[in-house]
Amino acid sequence: MKIKLKDGSLLEVKSGATAADAAKQISEGLARNAYAAKIDGKLVDLSTAVDENCTLEIVTSKDEESREVFLHTAAHVLAQAVKRLFPDAQLAIGPAIKDGFYYDFDFSAPITPADFEKIEKEMQAIVKADFAMERVNVTRKQALKIMKERGENYKVELIEDLPEDAEISLYKQGDFCDLCRGPHLPSVGKIKCFKLISIAGAYWRGNEKNKMLTRIYGTAFEKKSEMDAYFQMLEEAKKRDHTKLGKELGLFALMNEGKGFPFFLPKGMALKNALVDYWRELHRKENYVEIQTPIILNRTLWENSGHWDHYKDNMYTTKIDEDDCAVKPMNCPGCMLVYKLTPHSYKDLPLRIAEMGLVHRHEKSGQLHGLFRVRCFTQDDAHIFMLPEQITEEIKDVVRLTDKIYSRFGFKYKVELSTRPENSMGSEADWEAATGALKAALEEMNLDYELNEGDGAFYGPKIDFHLQDSIGRTWQCGTIQLDFQMPQRFELEYVGEDGQKHRPIMIHRAIFGSIERFIGILIEHYAGNFPLWLAPLQVKILPITDRACDYAKDIEKTLKDMNIRCEVDARNEKIGYKIREAQLEKVPYMAVVGDKEVENHLVAVRSRAGGDIGTMSLSDFAAKLSEEIEKKSN
């Protein structure tokens, strides 16, 4: 048989060969390092048979897909260890997740983190034994028999929900057997370094009406150095926790009187306004117009947009004068109404309409997390209405603007293209045209991107931007969504060059995504040490004695007249104490003034990063600040 390899070459293998056989034929080293394989693009076990009509790619630790296979296998090692130590524990589910894995168990008696040491010791024994991960395909009837005999009631329930003719896979490792789709490593011996992290409660199948199970979280790595680096990153992340720093720096508050609805405090508003001012400045230069639409709109609008059918469970609803209404979870339908208010010609397009819109979404209380997951947030939305021939250039312009903004904060990013989901609306032809336009724009800009099949919005494909922060974590923020559907549903029109009416094409886009979430990311990215242009308090003026207070207030007035955020610390405290306090508040600059400075109209300047940087005139100091703010240095 001849199979096609990743580089396009053909490999001749014997009939009945597996992916592992093919890997060994290519090279012994590749076979040793192989984790799994991709046959016709599908991730599979190395034990999977190949045929002459397939394409084959061997997956090693260098490939991104290997991480999920590695972690999923580690979850099975955890499950085997738990069954050895707690034979009456029942197995639920155990997937790989970002940076780790978990497994849900039903224990007859509670366990605690104190049990982790003995579970990890048992896991080490299993890894040392290097059991092969053997996949066995069985019928639904056979799978039910096996799991009933083992007393695995949760597995039985999962199998009973499958169709009668379903082909089911089990994975065996030594005397342990689990229901699983796979794929897995060829054996468990590659799981060299692992650690159990925490315990949490988890309802079976995520339904609060079901029994509460015990979820054990863990992570695993090929090398100890990788695991050490990961835990060092976690320690650094704890120091940067935005909920902790947000409270210490007086930026925002989370209160029981409004769970999921953050309160922005004066310093937090200064930071938020600096971001919004920057956003507005750029959008004016890019020829966007800005609107504001109502927070509550009639149900018929949401039915027309498709949100009522696709998003109703996440919307807050109310009645006004007997009419059903909803608090907006998104800004786009309101923008459709604005477009329809006036007639448009092809000469008006592209029309770029921006909105800093406050939206509300009903998130479950257990999912709320600081500013990262809230129930109300401000989206930096924009909707671009355009001619079909303008699509590619408009998308490229949005990508360019997005790059400009992210680069300002020092973020690197990855791009992901998401295609049509199952629960979507519109014709296949429209979806193909929209997806093709997004691909064309990315390829013309020579931007690398990953394809995320089936994860588009319900009305169109999208490009997502995943930022990497200063300690290596990634965050999904910006999005560009191409929409052929909503202009049709709202019957939007423009008069073309031919004098006939046509439908515009529309882009939905956000760059910050959620201002609140972006602020949370920035707090952790900078560890609260914001650059001068963003800092809520840019200068703290510190008089050494009461005699210098009047001069300090003169400095404050001069700087405030220049829109520099500053304040005087006139407390009757020693100057060393005031300096330490300002450093804890992470203020970029301190202006220290005593008798000498008063007499000569000078300021002794200290910076957060560099300490004492010398004495200068007030005008020179003000000019230095203005220049740094203007440059928006990172």
Side-chain angles (χ1 to χ4, degrees), residues 1-80 94-96 101 123-138 167-194 219-227 450-451 453:
M1 294 192 305
K2 290 183 178 179
I3 57 174
K4 190 174 182 181
L5 300 179
K6 183 181 179 181
D7 62 2
S9 62
L10 295 176
L11 178 72
E12 193 167 324
V13 297
K14 291 181 181 179
S15 180
T18 64
D21 295 330
K24 192 170 184 180
Q25 198 167 320
I26 295 168
S27 83
E28 289 288 345
L30 181 63
R32 281 195 304 273
N33 293 315
Y35 275 30
K38 288 171 78 173
I39 295 179
D40 293 333
K42 182 183 178 184
L43 195 63
V44 297
D45 296 296
L46 286 166
S47 60
T48 305
V50 295
D51 65 57
E52 58 188 343
N53 296 316
C54 75
T55 59
L56 174 68
E57 181 180 340
I58 303 301
V59 175
T60 71
S61 61
K62 294 178 181 177
D63 298 303
E64 193 173 337
E65 297 94 339
S66 71
R67 187 74 180 135
E68 182 178 352
V69 176
F70 187 85
L71 292 169
H72 196 177
T73 305
H76 279 237
V77 173
L78 166 62
Q80 184 176 12
F101 59 87
M123 290 174 71
Q124 286 167 353
I126 292 165
V127 168
K128 189 175 181 181
D130 195 17
F131 294 119
M133 294 290 291
E134 179 189 357
R135 181 185 174 109
V136 183
N137 292 326
V138 296
E167 185 183 77
I168 295 167
S169 57
L170 304 177
Y171 278 83
K172 293 182 178 179
Q173 58 201 71
D175 58 355
F176 178 73
C177 177
D178 202 354
L179 172 75
C180 187
R181 284 194 298 259
H184 285 284
L185 296 173
S187 70
V188 300
K190 290 184 184 291
I191 314 291
K192 301 293 185 188
C193 304
F194 53 84
T219 191
F221 294 89
E222 266 200 326
K223 301 174 183 175
K224 186 176 183 301
S225 59
E226 291 174 348
M227 189 162 78
E450 293 177 11
L451 198 61
E453 297 282 3

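What you see below is based on every heavy atom in this structure, not just the backbone, and it leaves out hydrogens, waters and symmetry mates. Quick caveat: nothing in here was measured; it's all calculated off a predicted structure.
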Are there over 12 heavy-atom neighbours, none belonging to Lys24, within less than 6.0 Å of that residue's NZ?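 Atom NZ in Lys24 is not crowded, with 12 or fewer foreign heavy atoms closer than 6.0 Å.
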
Phe221 ring centre to Arg67 NZ or CZ under 6.0 Å, with the angle to the axis within 45°?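 Relative to the ring axis of Phe221, which defines the angle, Arg67 lies inside both limits.
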
What are the two closest heavy atoms between [X] and [Y], and how far apart are they?
X: Ala36; Y: Val44; value: CB-O, 3.3 Å
X: Leu46; Y: Thr18; value: O-CB, 3.6 Å
X: Ile3; Y: Asp51; value: CG2-O, 3.0 Å
X: Glu68; Y: Ala96; value: O-CB, 3.7 Å

Could you give the distance from [atom1] ([X]) to [atom2] ([Y]), rounded to the nearest 0.5 Å?
X: His184; Y: Asp178; atom1: NE2; atom2: CG; answer: 7.5 Å
X: Ile191; Y: Leu78; atom1: CD1; atom2: CG; answer: 11.5 Å
X: Glu134; Y: Asp45; atom1: CD; atom2: CG; answer: 11.0 Å

State whether a side-chain donor-acceptor pair under 3.5 Å links [X] with [Y].
X: Asp130; Y: Ser187; answer: yes
X: Asn33; Y: Thr60; answer: no
X: Gln80; Y: Gln173; answer: yes

Does [X] use its side chain to pair, donor to acceptor, with the backbone of [Y] at less than 3.5 Å?
X: Thr73; Y: Leu185; result: yes
X: Arg135; Y: Thr48; result: no
X: Gln25; Y: Glu12; result: yes

I'd like to know whether Asp21 forms a side-chain contact (heavy atoms from CB on, under 4.5 Å) with Val13, so could you lay out the CA-CA distance, the side-chain angles of the two residues, the decisive distance to 0.1 Å, and finally the verdict. CA-CA 8 Å; Asp21 295 330; Val13 297; over 6 Å; no

With Glu57, the salt bridge (Lys or Arg N to Asp or Glu O under 4.0 Å) member among Lys4, Lys42, Lys6: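 Testing each of Lys4, Lys42, Lys6 against Glu57, the sole residue satisfying salt bridge (Lys or Arg N to Asp or Glu O under 4.0 Å) is Lys6.
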
Carboxylate-amine/guanidinium contact Lys38 Glu65, below 4.0 Å: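 Looking at Lys38 and Glu65, the cut-off is met.
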
Below 30° counts as parallel, above 60° as perpendicular, anything between as tilted: where do the rings of Phe70 and Tyr35 land?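 Answer is parallel, since the angle falls under 30°.
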
